[in-house]
Colleague: 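This is the structure, below, for whatever I ask next.
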Amino acid sequence: MKYNERLIQSGLLITAFSTIAILILIGVFILKEGLPVILKVGIKDFICGVNWSPIEEQFGIFPMIMGSIWITAGALLFSLPLSLACAIYLAEFSTPKIGKILKPTIELLAGIPSVVYGFMGMVILFPLIRNYLGGPGPCILAASIILGIMILPTITSISIDSLQAVPYSYREGSLALGATRWQTVKMVVLPAARSGIIAGIILGVGRAVGETMAVIMIAGNAVIIPDSILDPVRTLTTNIALEMNFATGEHRQALFATGIVLFIVIMLLNIIANLIAKRKVITK
Amino acid sequence: MASKIELNNLTFYYGNFMALKDVNMNIVGNAITALIGPSGCGKSTLLRTINRTNELIDGTRLEGKVLIDGKDIYDAQIDIIELRKKVGMVFQRPNCFPLSVYDNVAYGPVVHGTKKKAELDKIVEESLIATWLWDDLKDKLKRSALSLSLDYQQRLCIARVLAIGSEIILLDEPCSALDPITTLRIEELLVSLKENYTIVIVTHNMQQAARVSDYSGYMLLGELVEFNQTSKIFTSPKDKRTEDYITGRFG
Ligand SMILES: Nc1ncnc2c1ncn2[C@@H]1O[C@H](COP(=O)(O)OP(=O)(O)O)[C@@H](O)[C@H]1O
Ligand SMILES: [Mg+2]
């Protein structure tokens with residue numbers, strides 16, 4: 001019995017640690033594949049270079065960086081009001097009955113495969129944009145809206161959790177001072193839940209930066225530095241997915257190098273989110 | 001003496017559970033009234049009927065009347081926000097908001113529409129003076145209220161109530177999180193406040209009731225068993241159950 005217990009425990013321990021091993025393995029692998037080309041081109045020229053033409057051995061990923069930034073910012077702009085409204089309503093105002101229906105529904109959104117989102121963007125958003133705003137359809141705007149919906153569950157559910165973690169005594173105190181429910185939420189509950197909500201937003205940003213499939217289908221994939229939300233763009237992730245099939249040699253290495261940039265950005269976002277979420281616990 | 005608060009045949013239900021049974025009580029103004037009794041007897045429930053915070057709980061029902069200054073506070077005409085301004089409440093654990101000292105005290109006035117900085121400054125200062133916090137905190141107004149010690153936090157909660165111009169202060173076991181010395185300081189503070197306020201304090205600490213209150217009510221299983229001047233309750237209780245409780249044979 002004792003022996004068995006120990007076996008199970010160490011088995012679990014090894015499994016748990018293997019996730020770290022996998023992370024390190026991925027890191028080492030993409031570093032090994034991608035680093036040489038970064039060193040050859042130079043970090044600055046790689047990141048700030050505006051010219052991406054593998055045939056001429058030009059590897060500047062700045063257009064893709066801009067593409068990722070535009071689409072992510074757009075997604076956030078679109079998603080933030082919606083997801084905060086959802087979270088505030090569900091955590092503070094809805095009856096338990098409505099909450100029981102709405103919360104799983106929002107979580108279900110996270111389970112829809114991204115191809116389906118891409119598909120919805122193509123059949124619903126493209127015609128709308130073509131008819132009302134002009135252009136062929138695939139563009140920053142379309143990708144931002146779809147990505148915004150995709151990150152809504154992440155931001156919403158983390159925000160709900162942090163709103164619900166605010167002690168009831170704050171609300172009670174505020175209401176007893178004659179504040180309305182909304183005043184209570186605005187002036188006490190939201191500030192108290194702020195760090196958790198910000199952590200949720202950062203994780204949402206991470207998701208938006210990393211999303212590939214849906215973006216390939218609706219962002220247009222042109223390697224240009226956009227100057228309007230109706231321009232098509234290519235992001236860091238879609239660049240890799242689009243070209244990896246046929247890339248060889250330095251071209252292939254440059255795609256791995258793009259992966260390094262992504263890896264670092266996502267790691268940083270997650271670390272920041274974790275730090276912020278932790279800070280909440282300390283000040284409570 | 002005219003009573004500030006009158007409870008007439010007050011019965012209160014949580015769902016089907018009767019938490020208050022036909023309570024009648026006249027609470028005198030500018031005095032401290034204590035509610036004592038074993039845990040679960042309905043002291044907090046009774047307190048919350050006086051500022052209508054009970055109705056934040058689902059499935060509750062009230063019968064009978066609660067009058068403040070002769071007016072039925074459960075009347076449909078009553079503005080609940082005005083009522084909560086008039087009847088402030090201090091809770092068992094200090095529940096200062098995670099805001100600065102200043103913002104905690106200014107919270108009520110801001111919520112009720114005071115915008116001018118000078119006016120807020122004045123209210124904050126007056127409220128902190130009245131709760132004996134001003135000298136210690138006047139240079140720390142920007143500090144987070146949560147960084148203060150518990151008794152300062154509890155006094156800040158009282159200051160928060162004074163800031164909205166309450167006439168009645170309800171306190172629900174306000175010292176249960178505090179040590180004996182800081183408890184005494186809060187008690188002294190309450191005695192100093194009764195000149196201008198009507199105070200109702202719930203406590204399961206009989207010595208506390210004896211020390212601070214002018215009137216005491218003993219509750220048991222939702223009933224107000226006995227209600228009288230504190231000196232009488234503690235020296236010559238009329239009801240056997242009160243006597244048992246006070247002499248420590250029960251509770
Ligand atoms: N929110 C509630 N829902 C249901 N029953 C409650 C609730 N709050 C209190 N009660 C019940 O009402 C009775 C009185 O509670 P309370 O007023 O908190 O007593 P006290 O403050 O004297 O300890 C208890 O039996 C308690 O279980
Ligand atoms: Mg109680």
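Chain letters run A, B, ... following the sequence lines, proteins first and then strands; every chain starts at 1.
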Colleague: Would you name the heavy atoms of B:L146 and A:Y170 that are closest together and state the gap between them?
Modeller: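 Residues B:L146 and A:Y170, closest heavy atoms: CD1-OH, 3.7 Å.
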
Colleague: Given a strict heavy-atom distance threshold of 4.5 Å, which part of B:R160 is in contact with chain A: side chain, backbone, both, or neither?
Modeller: both

Colleague: B:C157 versus chain A, heavy atoms under 4.5 Å apart: side chain, backbone, both or neither?
Modeller: neither

Colleague: Looking only at non-hydrogen atoms, find the nearest pair between A:M187 and B:V111 and report the distance.
Modeller: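 Closest approach of A:M187 to B:V111: SD-CG2, 3.9 Å.
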
Colleague: So with a 6.0 Å cut-off around CD1 of B:I78, is the heavy-atom count from everything else above 12?
Modeller: yes

Colleague: Please determine whether the number of non-hydrogen atoms from other residues, nucleotides or ligands lying under 6.0 Å from atom OH of A:Y168 exceeds 12.
Modeller: yes

Colleague: For B:Y107 and A:T184, which heavy atoms make the closest approach, and how far apart are they?
Modeller: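 The pair with the smallest heavy-atom distance is OH-CA, 3.7 Å.
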
Colleague: Nearest heavy-atom pair of A:L177 and B:H112: which atoms, and what distance?
Modeller: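 Heavy atoms only, the tightest pair is O-NE2, 2.8 Å.
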
Colleague: Inspect the surroundings of CG in B:D79 and state if more than 12 heavy atoms from other residues, nucleotides or ligands are less than 6.0 Å away.
Modeller: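 Counting neighbours around CG of B:D79, more than 12 heavy atoms of other residues, nucleotides or ligands fall under 6.0 Å, so yes.
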
Colleague: For residues 68-80 of chain A, tabulate all N or O donor-acceptor pairs below 3.5 Å that involve a side-chain atom, not counting sequence neighbours.
Modeller:
{"residue": "A:S68", "atom": "OG", "partner": "A:M64", "partner atom": "O", "Å": "3.4"}
{"residue": "A:S68", "atom": "OG", "partner": "A:L236", "partner atom": "N", "Å": "3.1"}
{"residue": "A:T72", "atom": "OG1", "partner": "A:S68", "partner atom": "O", "Å": "2.6"}
{"residue": "A:S79", "atom": "OG", "partner": "A:G148", "partner atom": "O", "Å": "3.0"}

Colleague: More than 12 heavy atoms of other residues, nucleotides or ligands under 6.0 Å from CE of A:M213: is that the case?
Modeller: no

Colleague: Select all residues of residues 45-71 of chain B having any heavy atom within less than 4.5 Å of some heavy atom of chain A, and report them by number, or 'none'.
Modeller: B:N51, B:T53, B:L56

Colleague: List the atom of A:A176, the atom of B:F91, and the distance in Å for their closest heavy-atom pair.
Modeller: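 Looking at all heavy atoms of both residues, the shortest contact is CB-CZ, 3.9 Å.
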
Colleague: Under a 4.5 Å heavy-atom cut-off, does chain A meet the side chain of B:V90, its backbone, both or neither?
Modeller: neither

